[in-house]
Structures are given as C-alpha cells and as structure tokens.
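To start, the structure itself, in structure tokens.
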Amino acid sequence: MGAIATIAEETAPPDELIEQAKEYVARYQPELRVTVWKSLVCIDGKYILTGPLGEYDSFEVKIAVPANFPEDEPVVFETGGRIERVLDRHIFEKHGNCCVGVYEEWLLLSDNCSLEEYFLGPVDDYFFSQHWYETKLAQTGKGEWPLGERSHGLKGELEAFGEILGLEPDAKLIADHLKVLCKNPIKGHLSCPCGSGKRIRNCHRDRIDQIRRTVNPAMARRMLDRIESRVGNPRK
C-alpha cells in the first residue's frame, strides 16, 4: 500500500481528528477499528453497507486519513481482494487504492466537509456502487454503475471540473480559466480565458465573477495543480 506511505509524515494527527474517527466508527461502523500510524488516522476492518432492512453487504477496507484532513484527501483500499485491481472497477492499478471520486468536487459541493460526511457520502457511494455492479453482473452478465460513472484519470477530472466551471471538459480551456481564478484580484485587462483574444472586462467578466463565488483562489490553484500533475500521465 505504497499510497499510504507517500502521505505519512512523522507528526502525530490532531486529537480532534482521532476523536472524529472514533465517533464515526462507534455510531455507524462498529466492526471498524481506529489506530494511529505516524501522521495518519487509520481505519480498517469490516465496512458494513446497511439499508432500510439492515445490513446487505460488507467489504474489508483500510482507510488512511491525513492529519490535515479535509485539506488532504484520505486514501481508501479494499483489502479483501474482492474488487479486481483495474481501472474499470475504479481501482488505481499502481498502488491499488480506490478511485472514490474527484476530491475537489466533493470539497466544493459538500455543505459539511467533516470526516463523517466523507464516509457517509463518497465512501458509502463507492462501496454501494461496487455492490450494485457485482449484483447486476451476477444477474445479467453485465455490471452497472447505479450512480453513473466518470471517465478514468485526467478525463474524469476534467469532466468534474468542467461541470463546476460550466465549461467543456477540455484541459487547456479549463487550465486557462483556473490560471485566471488563481489571481486575486482578477483584473479586467487580462486576456479572457475563453480564447477570444479580448480582455476579460470586454468579454466574460460576469461569468468569471460568478465562478469566483464558487471557486476561490486556493481551490483554483489546487484544481490547476491536479490537472498539471496529470498531463504527463493521464491515467494516474
């Protein structure tokens, strides 16, 4: 699980984060256990899926939560060997961690970026979708993703960022807009990122101001860094 080692530091995680993990486990997932390794809060064991009639499935998991969550993204593993380690099952092949979703999308769209909400949202959705895929595969011979699915790697991230920004999922177009959104303030004499050649004040000033209300400079930088880190390795 090399992905865990890459995010671990020597500094211990804050007590508040450890308590959040313990409270979540006690309330929703009694068969998980919470431990601390270096800067990570590690949660592992049997992850139970429940519905109106009670438990309907479970997965063996290990989840590493960085000390400065929610700024940094947790790393999720299915450890029972049940899910095939391929991109088509939303598992990254290099380290074997789960592709739970585009993290920046959750940060922007969630009303409460708490650890509990991360588990009740993206993590629950991920394992429910895996359960549903396997059920349909057994019934019909063809898996089905109940919540839809994005493309893999860079393409899927561009799809998510394009929806947030109201743009086509084009790497250059999105990157150009994010470069402008990184600036504070955004000055009207800058070239409009739409590619028209006009200045922002004579082109898409209103639209950029509208996007800014959702995407602040720090988030724009984060999204831009993610795109630029993927350009040389689009399946990463």
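Between Tyr56 and His131, a ring centre-to-centre spacing shorter than 6.0 Å is recorded.
At most 12 non-hydrogen atoms from other residues, nucleotides or ligands lie less than 6.0 angstrom from CG of Asp15. The environment of CD in Gln139 is crowded: more than 12 heavy-atom neighbours from other residues, nucleotides or ligands sit within 6.0 Å.
The residue from Glu104, Met223, His152, Arg226 that alone fulfils the side chain to side chain contact (heavy atoms under 4.5 Å, CB included) condition with Glu157 is Arg226.
Following chains of ILVMFWY side-chain contacts shorter than 4.5 Å, one cannot reach Val86 starting from Trp145, and the two form parts of different hydrophobic clusters. Under the 4.5 Å side-chain contact rule for hydrophobic residues, Tyr133 and Val76 do not share a cluster. Under a hydrophobic clustering in which Ile, Leu, Val, Met, Phe, Trp and Tyr are joined whenever their side-chain heavy atoms come within less than 4.5 Å, directly or via other members, Leu109 and Val123 fall into different clusters. A single hydrophobic cluster is seen to contain both Leu165 and Leu190, as judged by linkage of ILVMFWY side chains at heavy-atom distances under 4.5 Å, directly or through other members.
Applying the side chain to side chain donor-acceptor pair (under 3.5 Å) test to every pair with at least one member in residues 166-179, sequence neighbours left out, gives these pairs: Lys172-Asp176, His177-Arg207. The salt bridge (Lys or Arg N to Asp or Glu O under 4.0 Å) contacts involving residues 119-143 comprise Arg82-Glu134, Arg89-Glu134, where partners must be two or more places apart or lie in separate chains. For the side chain to side chain donor-acceptor pair (under 3.5 Å) condition, no pair includes a residue of residues 184-200, sequence neighbours left out.
Residues Pro169 and Lys155 are not in side-chain contact: their nearest non-hydrogen atoms beyond the backbone lie 4.5 Å or more apart. Contact check for Pro70 versus Tyr103: side-chain heavy atoms found under the 4.5 Å cut-off. A heavy-atom distance below 4.5 Å is found between the side chains of Ile200 and Pro193. Between Val100 and Trp106 the shortest side-chain heavy-atom distance does not fall below 4.5 Å. Two residues are said to be in side-chain contact when any heavy atoms from C-beta on lie closer than 4.5 Å; Tyr118 and Val65 fail this criterion. With contacts defined as side-chain heavy-atom distances shorter than 4.5 Å, the pair Val215/Ile164 qualifies.
A salt bridge is absent between Glu73 and Arg222: the closest approach of a Lys/Arg side-chain nitrogen to an acidic carboxylate oxygen does not fall below 4.0 angstrom.
Distance alone, capped at 3.5 Å, places no donor-acceptor pair between the Arg33 side chain and the Glu31 backbone. In this structure a side-chain-to-backbone donor-acceptor pair under 3.5 Å is present from Glu78 to Gly80.
Atom OG1 of residue Thr11 and atom NZ of residue Lys38 lie 11.0 Å apart, to the nearest 0.5 angstrom. How far CZ of Phe77 is from CZ of Phe92: 10.5 Å, rounded to the nearest 0.5 Å. Atom CG in Leu181 sits 9.5 Å away from atom CG in Asp209 (nearest 0.5 Å). The line from CG of Leu49 to CZ of Phe59 is 6.0 Å long, rounded to the nearest 0.5 Å. Between atom CH2 of residue Trp132 and atom CG of residue Asp57 there is a gap of 12.5 Å, rounded to the nearest 0.5 Å.
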- Item | Criterion side chain to side chain contact (heavy atoms under 4.5 Å, CB included) on Glu93 and Leu87, from CA distance to verdict | CA-CA 7 Å; Glu93 295 170 357; Leu87 283 172; 4.1 Å; yes
- Start with the C-alpha gap between Phe119 and Ile63, add the side-chain angles, then the distance that decides, and say whether side chain to side chain contact (heavy atoms under 4.5 Å, CB included) holds. CA-CA 10 Å; Phe119 277 91; Ile63 300 168; 3.3 Å; yes
Contacts table for residues 19-29: side-chain donor-acceptor under 3.5 angstrom, sequence neighbours left out:
residue : atom : partner : partner atom : Å
Tyr28   : OH   : Glu116  : OE2          : 3.3
Gln29   : OE1  : Ile48   : N            : 2.8
Gln29   : NE2  : Ile48   : O            : 2.9

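Taking Glu163 as the reference, Arg150 meet the side chain to side chain donor-acceptor pair (under 3.5 Å) condition, with sequence neighbours excluded. Every residue was checked against the ring-ring contact (aromatic ring centres under 6.0 Å, His included) condition with His204, not counting sequence neighbours, and none meets it.
When all heavy atoms of Pro146 and Phe128 are compared, the closest pair comes out as CG-CE2, 3.5 Å.
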